[in-house]
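Values in this document were obtained by computation on a predicted structure and should not be read as measured data. Numbers restart at 1 for each chain; the letters A, B, ... are given by sequence-line order, proteins then strands.
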2 protein chains.
Amino acid sequence: MELIELLKKSLLFSGLKDNDLAELAAITVRRTFRKGESLFSEGDEATGFYLLVSGSIKLCRIAPDGREKVLHFVQPRETFAEAAFFGDGRYPAEARALAAGEALYLPKEGFLELMGRNPNFSLNLVVSLSLMLRQFARQIEELSFADVTSRLASFLVRRSAEKSASYGGITYIDLGVKKGELASRLGTASETISRTLRKLKDEGIIEVQGSRVVIHQMEKLQKLSERHE
Amino acid sequence: MELIELLKKSLLFSGLKDNDLAELAAITVRRTFRKGESLFSEGDEATGFYLLVSGSIKLCRIAPDGREKVLHFVQPRETFAEAAFFGDGRYPAEARALAAGEALYLPKEGFLELMGRNPNFSLNLVVSLSLMLRQFARQIEELSFADVTSRLASFLVRRSAEKSASYGGITYIDLGVKKGELASRLGTASETISRTLRKLKDEGIIEVQGSRVVIHQMEKLQKLSERHE
DNA sequence: CGGGTTCTTGACCTCTCTCAAAATATGTGG
DNA sequence: CCACATATTTTGAGAGAGGTCAAGAACCCG
């Protein structure tokens, strides 16, 4: 697809005029990646940020004891590693591909230059970062207050809103990630996810088929996710 | 103090030239507040953001069950509520004064205009937001992995780095907040903070005198905070 | 059809939450 | 500056959610 079309799909560049986008396209680098490939690692020098076009990426950190904590699953059209713009210029996490795909690379240097010339870039970037901050704040709140059932319900509800198929009141979600990864993202252990999914199934709220989840009673799920929040 | 001098103290405006600062000063509103006063509440229309000059502010959210979750303690010279720039334009949390002081209010409208005219404002804002993102990411990681001892140690170490007095290997920290608030910030209960502080005291690592903490063995504290990270 | 990974389940155990009560600190008016 | 009222902190005891370890089952791929 045309590079400019791809750029336009991102929230980050949505408000830009065509000639702005052309400037942007001039510094953009297309990059494909395979499953399991790492786009950058924790501690690497941050030379730019990315816009995911297709495929699936997780941002994660490795704890000293070897366990991995998933901070975020990146969806197509989302940007990631914008925070590469800060002070020390190192990536604070690793970006690993869960499925093969393509990303657009925006080099820091060229982008900073664009920001200096064209305020629209900065304004959009600020909006994007602010949205992320809000998301993170919610995650912090969830981790402090909500139990695993509630967090899992919250995840499923959100996922079903953004990425699902629905027929006659029944919603089908494709988790798209291994349950172990989901556990890490929700700040718990895979065993607990297993047990919690089972509990929800026993209550007739959902059904699990591999990495596919069928939601039978969305309302109950919503209630569970709001109980604490 | 001169308004421009106050503005210059913030990381957010540190790199600006004097004439930029003068423009900024022109739209700045000084605002004093008393202890317990709320600068804005969750859900209020976000009309701008703040730079804390003196006093102490906490950002918090109230859960449906009435409990309060502290997201962040704002230190003098720091800005807060920059995220007011996003989409729906509502404050996502409440800002309540822990001690009387003064803040500078930067109205959204005027600031957006400045950003459009002068790229330096945007660049600094992006840096500032990125730093916050990094902080939040660390908090998420801590909440998922680390136990309370580790989180408390981490908090103390960080606090001692930014706000402490030190004589001959012994460091004195003023918590500056009630222990209950600290508990909320660390995602735990005040009883647990109490017990954990006591445990650290029994091990000879720290000493507690009201809201003052004396660190005797910084290395051990550091080790505790890194065990998980 | 192996061989490896991932998932599930069971058992156990520990950390931390909760509730209740005592102790301490803080603030207020006189 | 004291004495009382309120708020905060500490301590104790009990319960429960969820982590960990271990083993078997299911799944996935070449």
Side-chain angles (χ1 to χ4, degrees), chain A residues 34-36 58 63 65-70 96 98-100 141-155 174-202 206-213 224 227-228, chain B residues 34-36 56 58 63 65-70 96 98-100 141-153 155 174-202 206-213 224 227-228:
Chain A
R34 305 177 176 286
K35 179 174 175 177
K58 70 176 172 188
D65 65 1
R67 280 184 303 176
E68 171 187 293
K69 167 64 192 168
V70 175
R96 186 172 288 275
L98 296 168
E141 214 183 314
E142 274 189 5
L143 283 171
S144 327
F145 278 149
D147 57 24
V148 172
T149 304
S150 167
R151 277 180 267 158
L152 178 57
S154 169
F155 179 87
D174 184 1
L175 290 182
V177 296
K178 279 177 283 199
K179 287 178 187 144
E181 316 248 31
L182 177 56
S184 174
R185 164 62 233 286
L186 294 179
T188 185
S190 60
E191 293 96 323
T192 303
I193 287 295
S194 204
R195 282 188 253 267
T196 308
L197 283 171
R198 187 172 206 307
K199 197 185 70 183
L200 293 178
K201 189 182 117 198
D202 289 349
I206 64 172
E207 206 170 314
V208 185
Q209 300 154 353
S211 99
R212 227 166 233 81
V213 176
L224 283 174
R227 184 128 51 119
H228 314 267
Chain B
R34 305 177 175 286
K35 178 173 175 180
S56 177
K58 69 176 171 188
D65 65 0
R67 281 186 300 177
E68 171 186 293
K69 167 65 192 167
V70 175
R96 187 173 289 275
L98 295 168
E141 213 182 316
E142 276 188 3
L143 282 171
S144 328
F145 278 149
D147 58 22
V148 172
T149 305
S150 170
R151 278 181 265 158
L152 178 56
F155 180 87
D174 184 0
L175 291 181
V177 296
K178 278 177 284 199
K179 285 173 188 151
E181 317 249 29
L182 177 57
S184 173
R185 163 63 233 285
L186 294 179
T188 185
S190 60
E191 293 96 322
T192 304
I193 288 295
S194 199
R195 281 187 254 268
T196 308
L197 283 171
R198 188 170 205 306
K199 196 186 69 183
L200 293 177
K201 190 182 116 198
D202 290 348
I206 65 171
E207 205 169 313
V208 185
Q209 302 154 352
S211 98
R212 229 167 231 79
V213 175
L224 283 175
R227 183 127 51 123
H228 311 268

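There is a side-chain donor-acceptor pair under 3.5 Å between Lys199(B) and Thr149(B).
Rounded to whole Å, atom P of dA17(D) lies 20 Å from atom CG of Leu143(B). Nucleotide dC17(C) holds its C1' atom 15 Å from the CG atom of Asp147(B), rounded to whole Å. Nucleotide dC7(C) holds its P atom 15 Å from the CZ atom of Arg212(A), rounded to whole Å. One interatomic measurement links the two molecules: NZ of Lys199(A) to P of dA17(D), which rounds to 8 Å at whole-angstrom precision. Spacing between atom CD1 of Ile193(B) and atom P of dC15(C) amounts to 16 Å, rounded to whole angstrom units. Atom CG of Leu175(B) and atom P of dT8(D) are 15 Å apart (whole Å). In this structure, CZ of Arg151(B) is placed 12 Å from C1' of dC17(C), rounded to the nearest angstrom. Counting to the nearest Å, the P atom of dT8(C) and the CG atom of Asp202(A) are 13 Å from each other.
Under a 4.0 Å N-O distance rule, the pair Lys201(A)/Glu207(A) does not qualify as a salt bridge. A salt bridge is absent between Arg151(B) and Asp147(B): the closest approach of a Lys/Arg side-chain nitrogen to an acidic carboxylate oxygen does not fall below 4.0 angstrom.
Side-chain N/O atoms of Lys179(B) include one lying less than 4.0 angstrom from OP1 or OP2 on dT10(D). Taking only side-chain nitrogens and oxygens, Ser194(B) never comes nearer than 4.0 Å to OP1 or OP2 of dT9(D). Using a 4.0 Å cut-off, some side-chain N or O of Thr188(A) falls inside it from OP1 or OP2 of dG19(D).
Arg212(B) places no side-chain N or O within 3.5 Å of a backbone atom of Asp174(B) that could act as its donor or acceptor partner. Remark: side-chain polar atoms of Lys69(B) are paired, donor with acceptor, to backbone N or O of Ser184(B) under 3.5 angstrom.
Among the heavy atoms of the strands lying under 4.0 Å from Arg195(A) is at least one base atom, whether or not backbone atoms are also near.
In terms of position on DNA chain D, the residue among Ser190(B) and Ala189(A) whose nearest nucleotide sits closer to the 5' end is Ser190(B). Between Gly210(A) and Gly187(B), the residue anchored closer to the 5' end of DNA chain C is Gly210(A), taking for each the nucleotide with the nearest heavy atom.
With distances taken from any side-chain atom of Glu191(B) to the nucleotides dC17(C), dT18(C), dG18(D), the minimum falls on dT18(C).
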